[in-house]
Amino acid sequence: MRKLFSATAVTLVMVAAGPSLAQQSAAIANPANAYREVKDDSVMVPSLKRTVGQLDDMDVLGPDGTKIGEVEEVLMDASGQPVAVVVDVEHGVGIGDKEVIVGLDQLRDDGRTLTTALTNAQLGTLPIWDD
């Protein structure tokens with residue numbers, strides 16, 4: 001009886017969570033709905049202490065110091081705050097030529113380049129920017 005109750009409870013939680021999980025997945029699957037490109041090059045990206053214009057075409061290095069790609073766009077959320085960049089990933093990384101969305105919290109500025117701890121496998125799972 002106890003197992004039946006536990007299984008029923010788990011099923012009810014999953015059914016109740018279904019719509020919210022679907023909404024979350026849809027937002028991630030279609031980032032065009034969640035993000036917009038920052039068009040003004042003078043906008044400051046506080047977490048990186050650089051302007052959008054300074055970030056444009058900046059190299060992005062992986063955890064081993066090899067070049068992953070470069071910044072193509074800075075993206076903002078619905079409130080107008082910069083929250084991510086689009087990285088044009090180079091073919092040599094092993095995930096093909098893609099433009100992926102990398103959250104600003106995944107990047108560090110070393111003065112000349114941006115670095116990330118994301119592995120090639122993790123980069124391959126990031127949302128694709130398709131403008």
Side-chain angles (χ1 to χ4, degrees):
M1 180 71 162
R2 189 175 189 111
K3 288 182 184 181
L4 178 61
F5 178 76
S6 295
T8 304
V10 169
T11 302
L12 289 173
V13 168
M14 291 176 67
V15 169
S20 64
L21 291 174
Q23 285 178 330
Q24 186 179 18
S25 297
I28 292 169
N30 190 0
N33 292 334
Y35 303 122
R36 294 184 329 259
E37 179 184 340
V38 178
K39 299 286 188 183
D40 183 351
D41 284 348
S42 68
V43 169
M44 181 60 74
V45 179
S47 63
L48 297 175
K49 298 181 178 110
R50 292 184 181 266
T51 64
V52 170
Q54 291 170 322
L55 290 170
D56 188 36
D57 293 331
M58 209 171 169
D59 287 343
V60 179
L61 306 181
D64 63 355
T66 60
K67 184 177 175 182
I68 291 171
E70 62 184 41
V71 175
E72 289 298 314
E73 315 287 351
V74 176
L75 303 177
M76 64 181 157
D77 61 13
S79 71
Q81 297 299 310
V83 293
V85 295
V86 174
V87 176
D88 185 12
V89 178
E90 295 187 346
H91 185 70
V93 172
I95 64 170
D97 289 329
K98 292 183 182 180
E99 289 188 339
V100 296
I101 299 172
V102 178
L104 294 178
D105 61 337
Q106 299 293 322
L107 298 169
R108 302 289 172 260
D109 187 342
D110 73 3
R112 296 178 331 245
T113 60
L114 298 176
T115 60
T116 183
L118 295 171
T119 65
N120 291 355
Q122 291 169 319
L123 286 168
T125 66
L126 294 176
I128 295 173
W129 179 253
D130 187 21
D131 58 342

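By convention here, the first residue in the shown sequence is residue 1.
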K.L.:
With sequence neighbours excluded, what pairs up with D40 under the side chain to side chain donor-acceptor pair (under 3.5 Å) test?
P.N.:
S42

K.L.:
Can a donor-acceptor pair be found, under 3.5 Å and without considering hydrogens, that links the side chain of T116 to the backbone of Q106?
P.N.:
yes

K.L.:
Under the side-chain contact (heavy atoms from CB on, under 4.5 Å) test against L55, which residue among V43, L107, L114 passes?
P.N.:
L114

K.L.:
What pairs with D57 under side chain to side chain donor-acceptor pair (under 3.5 Å), at least two apart in sequence or on another chain?
P.N.:
none

K.L.:
Can you tell which of I68, L126, V60 makes a side-chain contact (heavy atoms from CB on, under 4.5 Å) with V89?
P.N.:
I68

K.L.:
Give, for atom CE of M58 and atom CD of E72, the distance between the pair rounded to the nearest 0.5 Å.
P.N.:
14.0 Å

K.L.:
Rounded to the nearest 0.5 Å, what's the gap from CD on Q54 to CG on D41? Could you check?
P.N.:
10.0 Å

K.L.:
Taking all non-hydrogen atoms of both residues into account, name the closest pair between P82 and V74 and its distance.
P.N.:
CB-CG1, 4.1 Å

K.L.:
Looking only at heavy atoms, what is the nearest atom pair of I101 and A84, with distance?
P.N.:
CG2-CB, 3.7 Å

K.L.:
Within this structure, what is the NZ-CG distance for the pair K67 and L61, rounded to the nearest 0.5 Å?
P.N.:
8.5 Å

K.L.:
Between N120 and L123 (side chain of the first, backbone of the second, donor and acceptor by atom type, cut-off under 3.5 Å), is there such a pair?
P.N.:
no

K.L.:
Who passes side chain to side chain donor-acceptor pair (under 3.5 Å) against T119, sequence neighbours left out?
P.N.:
Q122

K.L.:
If you take all heavy atoms of R36 and D77, which pair is closest and at what distance?
P.N.:
NH1-O, 4.0 Å

K.L.:
To check you understand the geometry: which heavy-atom pair defines the closest contact between L75 and V86, and what is its length?
P.N.:
CD1-CG2, 3.6 Å

K.L.:
Would you mind checking if D109 and K49 are paired as a salt bridge, meaning a charged N to carboxylate O distance below 4.0 Å?
P.N.:
no

